[in-house]
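First listed ligand is number 1; within each ligand, the first listed atom is number 1. Heads up: numbering here begins at 1 and tracks the sequence.
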Amino acid sequence: MKMLKDNFGRTFPYIRLSITDVCNFKCGYCLPDGYQIDKSDNRKFLHLDEIRRLAKALSELGVSKIRLTGGEPTVRKDFFDIVKTIKENSGIKKTVITTNGYHLNKIAHKIKESGLDGINISIDSLNRQTFKKITSHDRLDEILGGIKVLQSFDFKNIKINAVLLKGINDSEDDFNQWSNFVKKNKIDFRYIELMQTGDNLDYFKKYHVPATKFTDYLNKNNWIIQTFGRDAGPAKNYLNPKFEGKFGIIAPYSKDFCKSCNRLRITAKGDLRLCLFGNTGINIRHLMQTDNQIEELKDLILKQLNFKKESHYLELGETGLMKNLSTTGG
Ligand code: SAM
Ligand code: SF4
């Protein structure tokens, strides 16, 4: 079987697939003015059959997990059809999503029924006003309510991500609030260090704070770094036997972050991105048009992998093609 492997010995069992650039939130670090149509690019988002063929090709290249992201993936009307087609027609073992949790209380039962294997929910703060300030939406309660419904269905793999922001959600009180949450809930909570993108330089300068602000708190409070069985994600996890859930940190600026890179990205318009911050973005959509193109599609993806670089150059302020994470599927 042909397998996805790059020139640095890394394999790629994991794909992040954006299914839309559209988002209904206005997170300050991502889409502060909300989603705007890109008038220079009138291509439509990948449709169901294209996604089905792509997922099949990827599974035949050894990909076992697809994360659906965006934009906000759940705003697509055919969102659950997409989940169904990947689960039933592709051979991909795990289909998971990253969502802002919009309407989670209303769609939780459908998420459970769809057979999704995991959900990452972005919640930047447990404080209602702070949440509203960051996202421009007063929806914290409906998201937390949605989590409760998922838990009542015994939905297993729930994670929460928050972007760490200086002076907004990085105080000891904020950390303690999450600590109380993780104590009672079998949910992993991770802070992501704010990343600079093409669009957010001023925001980045104002609010970026190194991940050590949180790891110092973890060390002080007897959390132990998990050195075994690191899961397939980029997070460093911390354990504490007295807590139901785990803490984690995603620090893209840390030394060696790229060494464990095991993911490729595909944008909602069918561009293959070898790195979140890379300059290569070849379109592979023309080979998703009929079922008999799947071999060609696999070959093209394999060839492209030769161009994957050893690491990003984010620390030099090089953000590559990425204007904001909503277009690349964060
Ligand atoms: N809309 C969905 C959501 O917010 O979960 C999925 C897409 S969003 C781009 C994916 C993740 O990227 C979210 O957890 C978001 O907080 C994170 N993100 C967006 N911009 C970021 C940035 N500049 N730095 C770090 N994380 C960012
Ligand atoms: Fe939308 Fe997610 Fe970006 Fe927030 S982070 S604006 S929810 S795409």
Side-chain angles (χ1 to χ4, degrees), residues 16-36 45 66-76 79 96-104 107 111 116 118-125 130-140 142-143 146-147 158-166 168-170 188-211 214 233-235 248-254 257 263 265-268 273 276-277 312 314-315 317 319-320 322-330:
R16 297 178 77 110
L17 172 62
S18 173
I19 54 173
T20 179
D21 293 348
V22 177
C23 186
N24 47 356
F25 277 25
K26 296 181 182 175
C27 302
Y29 44 78
C30 183
L31 293 174
D33 303 319
Y35 168 70
Q36 318 276 328
F45 301 127
I66 288 189
R67 176 171 301 283
L68 298 177
T69 178
E72 174 48 36
T74 62
V75 301
R76 260 188 81 147
F79 171 70
V96 298
I97 61 165
T98 299
T99 172
N100 61 24
Y102 168 77
H103 275 187
L104 188 59
I107 64 169
I111 288 188
L116 270 173
I119 183 167
N120 283 11
I121 306 161
S122 304
I123 304 179
D124 287 329
S125 174
T130 310
F131 180 91
K132 188 173 162 199
K133 185 175 162 196
I134 299 171
T135 62
S136 290
H137 276 263
D138 189 7
R139 292 187 182 272
L140 180 62
E142 75 182 41
I143 301 170
I147 292 178
I158 307 176
K159 295 191 178 114
I160 297 176
N161 295 328
V163 181
L164 186 63
L165 300 167
K166 193 196 292 176
I168 298 186
N169 64 4
D170 69 337
D188 296 356
F189 170 82
R190 298 96 57 88
Y191 268 117
I192 312 174
E193 192 173 315
L194 176 64
M195 292 179 253
Q196 184 191 330
T197 65
D199 278 352
N200 78 1
L201 184 59
D202 290 345
Y203 192 96
F204 177 81
K205 281 191 188 148
K206 198 162 167 197
Y207 296 115
H208 176 259
V209 51
F214 185 53
I249 187 93
I250 301 175
Y253 290 92
S254 67
F257 181 75
R263 79 257 343 264
R265 291 181 157 78
I266 295 167
T267 70
R273 292 278 165 85
L276 187 51
F277 299 96
H312 64 58
L314 202 52
E315 62 288 355
T319 54
M322 215 249 299
K323 289 203 288 187
N324 56 62
L325 263 74
S326 79
T327 52
T328 322

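To the nearest 0.5 Å, atoms CD1 (I160) and CD1 (I147) are separated by 4.0 Å. With rounding to the nearest 0.5 Å, the separation of CD1 in I192 from CG in D124 is 8.0 Å.
Using bins of under 30°, 30° to 60° and over 60° for the plane-to-plane angle, the ring pair F189/Y191 lands in the perpendicular bin. The aromatic rings of F25 and Y102 sit perpendicular to each other, their planes meeting at more than 60°, with 30° as the lower class boundary.
Taking backbone and side-chain atoms together, C27 has no N/O/S atom less than 2.8 Å away from atom 3 (Fe) of ligand 2.
Polar contact with ligand 1: present for T99 (N/O pair, distance under 3.5 Å). Remark: ligand 1 and M195 share an N or O pair separated by less than 3.5 Å (distance only, no angle test). In terms of N/O distances under 3.5 Å, ligand 1 is not approached by T197.
In summary, the atoms of ligand 2 found under 4.0 Å from a heavy atom of G71, numbered by their order in the structure, are 8 (S). Counting atoms of ligand 1 from 1 in the listed order, those under 4.0 Å from a heavy atom of G71 are 1 (N), 2 (C), 6 (C), 7 (C). The distance from ligand 1 to the heavy atoms of S122 drops below 4.0 Å at these ligand atoms: 3 (C), 4 (O), 5 (O), 13 (C), 14 (O). Listed by number with element, the atoms of ligand 2 under 4.0 angstrom from any heavy atom of F25 are 6 (S), 7 (S). Heavy-atom proximity to V163, at under 4.0 Å, picks out these atoms of ligand 1: 16 (O), 26 (N), 27 (C).
Heavy atoms of E193 approach ligand 1 to within less than 4.0 angstrom. Remark: distances from the non-hydrogen atoms of G70 to ligand 2 are all 4.0 Å or more. Not a single heavy atom of G101 sits less than 4.0 Å from an atom of ligand 1.
Taking the side chain as every heavy atom from C-beta outward, R67 and N120 approach each other to under 4.5 Å. Side-chain contact between L104 and I111: present, with at least one pair of heavy atoms (C-beta onward) separated by less than 4.5 Å. You'll find the side chain of F45 stays beyond 4.5 Å of the side chain of I19, heavy atoms only. Side chains of F79 and T20 form no contact here, defined as non-hydrogen atoms less than 4.5 Å apart.
Residue contacts with ligand 1 for I121 are absent, since no atom lies close enough (heavy atoms, distance under 4.0 Å). With a 4.0 Å cut-off on non-hydrogen atoms, T69 touches ligand 1 through its side chain and not its backbone.
By the side-chain contact (heavy atoms from CB on, under 4.5 Å) test, K206 is found to be paired with no residue, residues two or more places apart in sequence or in another chain being considered. By the side-chain hydrogen bond (donor to acceptor under 3.5 Å, both in side chains) test, T135 pairs with no residue at all, sequence neighbours left out.
Compare E72, R67, Q196 by their heavy atoms: the one nearest to atom 2 (C) of ligand 1 is in E72. Comparing heavy-atom distances from atom 7 (S) of ligand 2 across S122, C30, C23 singles out C23 as nearest.
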